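The structure appears below as structure tokens.
Computed from a predicted model, the values in this text were never measured in an experiment.
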Amino acid sequence: MSAKAWSGKQVRESFNDIPSVLYYTKAAHFLGLWASERLLIDRFFPDKSMDLLEAGCGAGRVTMGLWRLGYTSLTAFDFADELLDQARSLAAEKGATSIAYTVADATRVDRAALPRVPKLGFAGALFMFNGLMQIPGRANRRAALASLRALCREGAPLMFTSHDRDRSGADEGYWKAERKRWDSGQQDPRLSDFGDRRFSDESGEVFITIPSRTEVLEDLASSGWIPHFDAMRSDLATESPQVSSFSDNCRFWVALRGA
């Protein structure tokens, strides 16, 4: 096993692997939008005709959820082509032919990479289920935020989620020990930043970074987004057992595209 830090290429390969494709496809077909997601979508994206962009759309769970809610102008992309094939298949099965799907990398997506971009930019964007936090390297995550900013019009909301290292609960002991490992130079060399984690579960090999709230605020400021709202999922809605099994508690973020 390589001792080099995990790369975007490795993350793409993990998402294209069979366990991941099956996991996210099942969620797209049977799980749909969470109660917390629906609540905030209604609040921050009230106009169902607004041009929306979804980054890291995976197998289409959120995109199809938006379509079912009546949103009529949806563009979505992911860098895992196997997952995107599943999203297209689900959309075709349900007759959601108006959704424009394409393969693109969030860290360098631009107008040329997308099938359609409104003249003034998108009116809103989403990057759900911790997708932003599954990009290795803080500089790369900031690049993704900057790319999305360039595609959106001034004032457009961006909604995304992260876990919160400061609200880690049962993992508090892990992070204290991990801090000592990083301070002494004994951290896993496959990790780029303090907060990174690698593990395996039913979806296959997983990379994710668990930031502090302060780190996310810094990343938004560095990429031209204005923090507008954030709250833990548990403070927003009571989720179904299926959603709670699919995802641990997380923090929702909404930031506005600055001038």
Side-chain angles (χ1 to χ4, degrees), residues 1-21 23-24 54-59 76-84 103-110 113 125-151 158-166 168 171 174-175 177-179 181-183 185-225 247-248 250-251 253 255:
M1 184 177 291
S2 173
K4 294 181 180 179
W6 247 45
S7 66
K9 179 182 177 182
Q10 287 171 296
V11 172
R12 180 187 292 111
E13 290 172 350
S14 72
F15 278 122
N16 277 327
D17 206 7
I18 291 175
S20 181
V21 172
Y23 181 76
Y24 288 104
E54 187 191 358
C57 65
F77 70 87
D78 200 286
F79 72 165
D81 51 348
E82 295 289 344
L83 282 176
L84 204 60
V103 176
D105 184 335
T107 63
R108 53 179 180 271
V109 64
D110 58 17
L126 305 94
F127 204 159
M128 305 305 290
F129 195 42
N130 305 320
L132 178 65
M133 302 305 156
Q134 292 182 284
I135 298 175
R138 193 175 187 186
N140 292 325
R141 293 188 290 276
R142 289 185 173 190
L145 287 169
S147 293
L148 291 175
R149 179 189 180 279
L151 291 167
L158 166 66
M159 183 189 299
F160 63 99
T161 63
S162 71
H163 290 302
D164 188 332
R165 201 167 63 238
D166 300 327
S168 57
D171 288 339
Y174 170 86
W175 289 116
E178 184 73 348
R179 179 76 271 173
R181 285 189 284 269
W182 279 80
D183 289 345
Q186 297 178 341
Q187 73 274 16
D188 185 337
R190 297 169 297 177
L191 304 178
S192 300
D193 304 305
F194 178 67
D196 290 355
R197 296 194 73 166
R198 284 187 65 240
F199 56 89
S200 296
D201 62 14
E202 63 181 302
S203 69
E205 285 286 313
V206 176
F207 167 87
I208 191 167
T209 194
I210 314 293
S212 67
R213 184 174 180 275
T214 297
E215 287 168 353
V216 176
L217 291 171
E218 291 171 350
D219 291 346
L220 289 171
S222 77
S223 50
W225 290 96
S247 170
D248 294 333
C250 58
R251 181 175 291 279
W253 294 89

Point-to-point distance, once rounded to the nearest 0.5 Å, from CG of N130 to OG of S247: 6.0 Å
D219 side chain to R142 main-chain N or O, any donor-acceptor pair under 3.5 Å? no
Measure from NZ or CZ of R181 to the centre of the six-membered ring of Y174, then state whether that distance is under 6.0 Å and the direction lies within 45° of the axis. yes
State whether R138 and E215 are salt-bridged, where the test is any N-O pair (Lys NZ or Arg NE/NH1/NH2 against Asp/Glu carboxylate O) under 4.0 Å. no
If you define the side chain from C-beta out and look only at heavy atoms, does anything of P136 sit under 4.5 Å from V11? yes
Atom pair CD (E13) and OG (S7), whose distance is rounded to the nearest 0.5 Å: 7.0 Å
Stepwise, does the side-chain contact (heavy atoms from CB on, under 4.5 Å) test hold for L191 with W182? CA-CA 10 Å; L191 304 178; W182 279 80; 4.0 Å; yes
Under 3.5 Å, side chain of S20 to main-chain N/O of N16, donor-acceptor pair present? no
Side chain R141, main chain I135, donor-acceptor under 3.5 Å: yes
Does P19 offer a backbone N or O that forms a donor-acceptor pair with the side chain of D17 under 3.5 Å? no
Any non-hydrogen side-chain atom of D196 less than 4.5 Å from a side-chain atom of Q187? no
Are E178 and R197 packed together at the side-chain level, in the sense that at least one heavy-atom pair is separated by less than 4.5 angstrom? no
Taking D164 first and then R213, would you say they form a salt bridge - that is, a charged N and a carboxylate O separated by under 4.0 Å? no
Donor-acceptor under 3.5 Å (T209 side chain, M133 main chain): no
Partners passing ring-ring contact (aromatic ring centres under 6.0 Å, His included) against W175 (at least two apart in sequence or in another chain): F194
S168 side chain near I210 side chain, heavy-atom distance below 4.5 Å: no
For the pair F207 and W6, name the ring-plane relationship: parallel under 30°, tilted 30 to 60°, perpendicular over 60°. parallel
Any donor-acceptor pair under 3.5 Å from D188 side chain to R190 backbone: yes
Polar side-chain atom of D81 near backbone of L84 as donor-acceptor pair, under 3.5 Å: no
Closest approach of F79 and D105, non-hydrogen atoms and distance? CB-CA, 4.1 Å
Residue pair D201 / V206: nearest heavy atoms and the distance that separates them: OD1-CG2, 3.7 Å
Any side-chain heavy-atom pair of F160 and L148 under 4.5 Å: no
